[in-house]
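Here's the structure, in structure tokens; my notes come after.
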Amino acid sequence: MESRNPATGELVKRYDELSERELDAKLALARRAFERHRRTSFADRSKPMSRAGELLERDKRRLGALMTLEMGKTLKAAVAEAEKCAWVCRHYAEHAERYLADEVVETAARKSFVRCLPIGPVLAVMPWNFPFWQVFRFVAPGLMAGNVGLLKHASNVPQCALAIEALLREAGFDEGVFQTLLIGSGAVSGVIADPRVEAVTLTGSEGAGASVGAAAGRALKKSVLELGGSDPFIVMPSADVEKAAKTAVTARCINNGQSCIAAKRFIVHEAVYGEFEQRFVEGMRALKVGDPMADATDVGPLATPQVRDDVAAQVEASVAAGAKVLCGGARLPGPGNFYAPTALAEIPEGSPAYRDELFGPVASLFRVKGLDEAIRLANDSTFGLGSSVWTRDEAEQRRFIDELEAGQTFVNAMVASDPRLPFGGVKRSGYGRELAEVGIREFVNLKTVWVA
Ligand code: NAP
């Protein structure tokens with residue numbers, strides 16, 4: 001496993017994968033740790049979880065620099081990510097007990113109620129794009145629910161994976177309550193099948209989701225899948241176009257364009273298309289691409305040469321099919337995996353920029369004649385993760401809320417995750433939800449109790 005700086009291509013550190021014997025010892029430890037951890041009270045768990053939040057705040061610059069070094073997000077975004085992780089720790093430290101409280105139900109019984117009990121070790125297979133946030137949004141509810149965590153992180157962020165384990169130990173969680181497994185993706189189905197593991201959650205691509213979902217199905221274990229997206233960002237005539245265009249640039253280029261909920265398809269009413277396109281392209285051209293450690297940088301490198309090659313190939317194929325390049329459209333010269341912020345228009349149906357997820361700073365612009373066409377085009381995707389709509393017309397807002405096929409619709413705002421709100425998708429963006437009350441309830445035994 002290699003930690004390689006995406007801004008320079010330099011190899012920073014190399015790790016060996018766990019041997020079979022080492023992996024077996026970690027799974028055994030997880031089981032033993034669970035037998036203790038499941039018996040702790042919410043107050044017992046809340047203390048180290050709050051402490052984890054404090055450590056994330058205290059060490060945010062060091063941890064942020066590690067994220068930037070391994071996957072190239074800007075340092076300011078990485079520091080903000082550590083802060084957001086602290087928020088999710090505080091959120092569940094405070095609310096887990098209420099989220100999982102007994103629910104009394106009146107029946108013919110003397111007493112009947114529903115109790116949420118921990119289920120055991122849960123495997124988390126996580127991506128590199130938000131190397132701390134993706135893990136903490138699983139860890140905070142998971143450990144507070146009384147489960148223990150096993151992390152198989154993406155192979156290019158091993159230092160982040162190990163830093164998270166160290167931080168949770170320092171926060172006061174017992175040995176084995178959270179462990180990082182340095183294993184390749186080939187070892188994942190074996191871990192899922194292992195009787196000591198109870199469930200699996202994956203955030204990643206469709207291919208990885210299908211493979212993990214199939215392994216969970218074979219083992220008859222619960223799974224949650226958070227997969228890709230090609231989120232629509234719809235602008236209607238009543239919108240504040242200036243604000244929409246400015247937000248659109250941020251929403252597309254967040255995390256150097258590598259976010260599942262980045263706005264990817266910009267669907268704009270013809271009455272405001274001209275103004276939107278001009279402002280959006282100006283905004284994309286003004287972004288400063290460069291050293292992710294520098295304060296002034298807006299967009300850093302893509303995480304790996306493969307990610308950049310994939311984006312470049314998707315743009316080339318779309319242009320070959322007839323798409324027009326409004327700005328960017330090419331790799332940037334020099335070392336590192338840099339790609340120019342790009343906007344494409346006149347995109348033919350069936351080309352990658354119409355159909356696929358583009359995991360880099362590349363926007364697809366579409367012009368539509370009205371509301372029905374906007375909804376039809378937005379839903380003409382295999383994905384259904386987020387959606388952002390810009391309109392001041394309440395009837396239009398209602399139509400979007402009811403008819404967009406997505407796990408979330410944000411009105412006059414960009415899509416963002418929030419510990420207080422459920423997060424997840426429909427269609428090929430996966431199933432299950434993270435965060436909020438519903439997120440902590442995904443991996444519990446919701447036990448019905450009847451006392452005659
Ligand atoms: P990825 O290649 O699918 O990798 C994600 C994780 O799955 C990594 O730990 C990877 O391990 C592992 N993996 C890959 N193939 C596997 C397989 N066949 N069996 C078991 N595990 C496997 O995704 P990525 O490139 O890191 O992340 C980008 C994707 O994640 C995008 O599609 C993005 O939209 C999606 N994403 C979704 C959300 C969401 O909340 N819905 C959030 C962030 C990202 P290795 O690194 O060892 O291959």
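Counting starts at 1 for both ligands and their atoms, following the listed order.
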Considering non-hydrogen atoms of the protein only, which is the closest contact for [atom], and what is the distance?
{"atom": "atom 3 (O) of ligand 1", "answer": "S205 OG, 2.5 Å"}
{"atom": "atom 24 (P) of ligand 1", "answer": "W128 NE1, 3.4 Å"}
{"atom": "atom 43 (C) of ligand 1", "answer": "Q134 NE2, 3.0 Å"}
{"atom": "atom 17 (C) of ligand 1", "answer": "S211 OG, 3.6 Å"}
{"atom": "atom 40 (O) of ligand 1", "answer": "R137 NH2, 2.6 Å"}
{"atom": "atom 41 (N) of ligand 1", "answer": "L227 O, 2.7 Å"}
{"atom": "atom 27 (O) of ligand 1", "answer": "P127 CB, 3.6 Å"}
{"atom": "atom 14 (C) of ligand 1", "answer": "A208 CB, 3.6 Å"}

Tell me which part of [X] gets within contact of ligand 1: side chain, backbone, both or neither, using heavy atoms under 4.0 Å.
{"X": "N129", "answer": "side chain"}
{"X": "I261", "answer": "neither"}
{"X": "M1", "answer": "neither"}

Quiz item: Taking atom CD of E277 and atom CZ of R367, what is their separation to the nearest 0.5 Å?
Solution: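 If we round to the nearest 0.5 Å, E277:CD and R367:CZ are 7.0 Å apart.
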In terms of atom number and element, which parts of ligand 1 are under 4.0 angstrom from non-hydrogen atoms of [X]?
{"X": "K152", "value": "9 (O), 11 (O), 45 (P), 47 (O)"}
{"X": "V125", "value": "6 (C), 7 (O), 9 (O), 12 (C), 21 (N)"}
{"X": "F359", "value": "28 (C), 31 (C), 33 (C), 34 (O)"}
{"X": "M126", "value": "6 (C), 8 (C), 9 (O)"}
{"X": "V212", "value": "20 (C)"}
{"X": "V188", "value": "20 (C), 21 (N)"}
{"X": "H153", "value": "9 (O)"}

Quiz item: Evaluating non-hydrogen atoms only, which member of C260, G424, A210, G229 is closest to atom 39 (C) of ligand 1?
Solution: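 Looking at heavy atoms only, C260 sits closest to atom 39 (C) of ligand 1.
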Take atom [atom1] of [X] as the centre, draw a 6.0 Å sphere, and report whether it contains more than 12 heavy atoms from other residues, nucleotides or ligands.
{"X": "K76", "atom1": "NZ", "answer": "yes"}
{"X": "R61", "atom1": "CZ", "answer": "no"}
{"X": "D402", "atom1": "CG", "answer": "yes"}
{"X": "R308", "atom1": "CZ", "answer": "yes"}

Quiz item: Salt bridge between E70 and K13, side-chain N to carboxylate O under 4.0 Å?
Solution: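 Between K13 and E70 there is no salt bridge, as every charged N stays at least 4.0 Å from the carboxylate O atoms.
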Exercise. Going by the salt bridge (Lys or Arg N to Asp or Glu O under 4.0 Å) test, name the single residue among R31, K222, R38 that passes it with E198.
Key: R31
Quiz item: Can you check side-chain contact (heavy atoms from CB on, under 4.5 Å) on I440 and L100, steps first, answer last?
Solution: CA-CA 8 Å; I440 196 171; L100 298 180; 3.8 Å; yes
Practice problem: Would you please determine whether F423 falls within less than 4.0 Å of ligand 1 on a heavy-atom basis? | Solution: yes
Quiz prompt | Sub-4.0 Å heavy-atom approach of K264 to ligand 1 | solution = no
Is [X] in polar range of ligand 1, meaning some N or O pair under 3.5 Å apart?
{"X": "S155", "answer": "yes"}
{"X": "E357", "answer": "yes"}
{"X": "S259", "answer": "no"}
{"X": "S429", "answer": "no"}
{"X": "E434", "answer": "no"}

Quiz item: Does a side chain donor of either Y431 or S223 reach within less than 3.5 Å of an acceptor in the other side chain?
Solution: yes
Quiz item: Going by distance alone, is a donor N or O of one side chain under 3.5 Å from an acceptor N or O of the other, for E357 and S230?
Solution: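 The answer is no; no qualifying pair exists.
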Practice problem: Decide whether a cation-pi geometry holds between K264 and F233; the criteria are a distance under 6.0 Å from NZ or CZ to the six-membered ring centre and an angle within 45° of the ring axis. | Solution: no
Practice problem: Please confirm whether R137 makes a cation-pi placement over F423, using NZ or CZ under 6.0 Å from the six-membered ring centre and within 45° of the ring normal. | Solution: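 Here R137 passes the 6.0 Å and 45° test against F423.
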Quiz item: With side chains defined as the heavy atoms from C-beta onward, is the minimum distance between K221 and V200 less than 4.5 Å?
Solution: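 Answer no - side chains too far apart.
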Quiz item: Any side-chain heavy atom of E57 within less than 4.5 Å of one from E83?
Solution: yes
Quiz item: Parallel, tilted or perpendicular for Y99 and H91, by the 30°/60° rule?
Solution: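 Rings of Y99 and H91: tilted, 30 to 60°.
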Quiz item: Do the ring planes of F366 and Y354 sit parallel (below 30°), tilted (30 to 60°) or perpendicular (above 60°)?
Solution: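 F366 and Y354: perpendicular rings.
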Quiz item: Within a distance of under 4.0 Å, is there any protein heavy atom near atom 21 (N) of ligand 1?
Solution: yes
